[in-house]
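Worksheet: the structure to be examined is printed underneath.
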Amino acid sequence: MLVDYKARLVWNVYAVLLAEGAPVSFDSVAPGSIKSGFGVGSPYLPGVRTFAAIPTEQSCCTKPNAQGELPNSFLFRVKGLTVAPTVRPPDMSLAIVRSDLQQTCGPLRWIADGAVCGRLRSNLEQAIASQQGDRAATTGSLPAFLAELDAQHGPGKPVSDNAYWLLKVNGEYLLAHM
């Protein structure tokens, strides 16, 4: 595992060449399975980051294709967006949380209910508007934002885990550091 020059976490499972057949990894995780014992710690706060995953050779590519060749695991690459360490704590602001909320309610669709997005947006806008002069109003609006987030997260509710942990951690950090 390493952090590359673009501050991306790169984790590789190295293949082992056996006497016969394709390379295999003893650290592979089958689709739908969980592998424990892997964790990442960071002093940075969460933000929206891109990710890519490439399967190990043994999970996709040990049987020859129609041409008799073993397929390349890079053909099965998956890319997307997730929540990961991104923002230096001194840089965290209500404006960043607003931007994150706009993404989660907009293009990401991590919160698909427009009414919930509207209530979250309203509470956050009140906190931003009152930030200039009325600290008490800010510290009242931000907890209302977090309470609405809590109320709308869980099985069958509109706030996804990605949206919840992105907004909750950053909102709580700001509340604690006002």
Side-chain angles (χ1 to χ4, degrees), residues 1-12 29 31-55 77-178:
M1 180 172 30
L2 64 98
V3 177
D4 74 2
Y5 70 97
K6 290 185 177 179
R8 296 178 301 194
L9 177 68
V10 180
W11 180 54
N12 293 307
V29 181
S33 298
I34 295 172
K35 183 80 170 178
S36 63
F38 175 74
V40 177
S42 172
Y44 280 55
L45 293 164
V48 178
R49 299 291 297 247
T50 59
F51 78 89
I54 302 166
R77 181 179 183 187
V78 177
K79 296 184 341 181
L81 295 168
T82 193
V83 175
T86 305
V87 182
R88 288 176 356 117
D91 297 337
M92 181 50 64
S93 67
L94 287 170
I96 289 174
V97 176
R98 179 197 307 161
S99 175
D100 290 340
L101 180 61
Q102 288 171 337
Q103 287 186 71
T104 60
C105 287
L108 295 174
R109 307 259 323 135
W110 288 348
I111 304 174
D113 185 323
V116 171
C117 286
R119 289 192 300 272
L120 289 168
R121 215 175 270 120
S122 175
N123 286 325
L124 194 55
E125 290 301 329
Q126 287 175 10
I128 291 169
S130 62
Q131 187 179 31
Q132 309 322 15
D134 189 357
R135 186 178 185 281
T138 303
T139 57
S141 300
L142 203 47
F145 171 82
L146 294 168
E148 180 68 18
L149 200 58
D150 284 334
Q152 299 301 326
H153 175 253
K157 294 184 177 178
V159 175
S160 71
D161 287 345
N162 273 343
Y164 181 77
W165 291 112
L166 172 66
L167 299 169
K168 173 104 173 153
V169 170
N170 291 339
E172 286 181 343
Y173 175 84
L174 288 173
L175 189 59
H177 292 88
M178 291 187 137

Supply the atom-to-atom distance [X] [atom1] to [Y] [atom2], rounded to the nearest 0.5 angstrom.
| X | Y | atom1 | atom2 | result |
| --- | --- | --- | --- | --- |
| Leu81 | Trp110 | CG | CH2 | 6.0 Å |
| Ile111 | Cys117 | CD1 | SG | 5.0 Å |
| Ile128 | Leu142 | CD1 | CG | 9.5 Å |
| Met92 | Asn170 | CE | CG | 3.5 Å |
| Leu124 | Leu146 | CG | CG | 9.5 Å |

Does Lys168 use its side chain to pair, donor to acceptor, with the backbone of Asp150 at less than 3.5 Å?
no
Testing the basics here: between [X] and [Y], what is the closest heavy-atom pair and its distance to 0.1 Å?
| X | Y | value |
| --- | --- | --- |
| Ala127 | Ser130 | O-OG, 3.2 Å |
| Pro85 | Ser42 | CB-OG, 3.3 Å |
| Val116 | Pro158 | CG2-CG, 3.7 Å |
| Tyr44 | Thr86 | CD2-O, 3.4 Å |

ring-ring contact (aromatic ring centres under 6.0 Å, His included) with Tyr173: which residues, sequence neighbours excluded?
His177
Who pairs with Asp161 by salt bridge (charged side-chain N to carboxylate O under 4.0 Å, His left out), at least two apart in sequence or on another chain?
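In terms of salt bridge (charged side-chain N to carboxylate O under 4.0 Å, His left out), with neighbours along the sequence ignored, Asp161 is linked to no residue.
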Pairs touching residues 78-89 that satisfy salt bridge (Lys or Arg N to Asp or Glu O under 4.0 Å), sequence neighbours left out:
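The answer is Arg88-Asp91.
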Could you list all the salt bridge (Lys or Arg N to Asp or Glu O under 4.0 Å) pairs where at least one residue sits in residues 109-127, not counting sequence neighbours?
Arg98-Glu125, Arg119-Glu148
Going by the side chain to side chain contact (heavy atoms under 4.5 Å, CB included) test, name the single residue among Asn162, Leu166, Leu167 that passes it with Pro46.
Leu166
Could you point out which residue of Leu174, Ile96, Val169 forms a side chain to side chain contact (heavy atoms under 4.5 Å, CB included) with Leu45?
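When side chain to side chain contact (heavy atoms under 4.5 Å, CB included) is applied between Leu45 and each of Leu174, Ile96, Val169, only Val169 qualifies.
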Does atom CZ of Phe51 have more than 12 heavy-atom neighbours, drawn from other residues, nucleotides or ligands, at distances under 6.0 Å?
yes
Just say parallel, tilted or perpendicular for the rings of Tyr164 and His153, cut-offs at 30° and 60°.
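Tyr164 vs His153 ring planes: parallel.
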Tell me every residue that passes side-chain contact (heavy atoms from CB on, under 4.5 Å) with Ser99, counting only those two or more places apart in sequence or in another chain.
Gln103
Could I get the full list of side-chain contact (heavy atoms from CB on, under 4.5 Å) partners for Ser122, not counting sequence neighbours?
Gln126
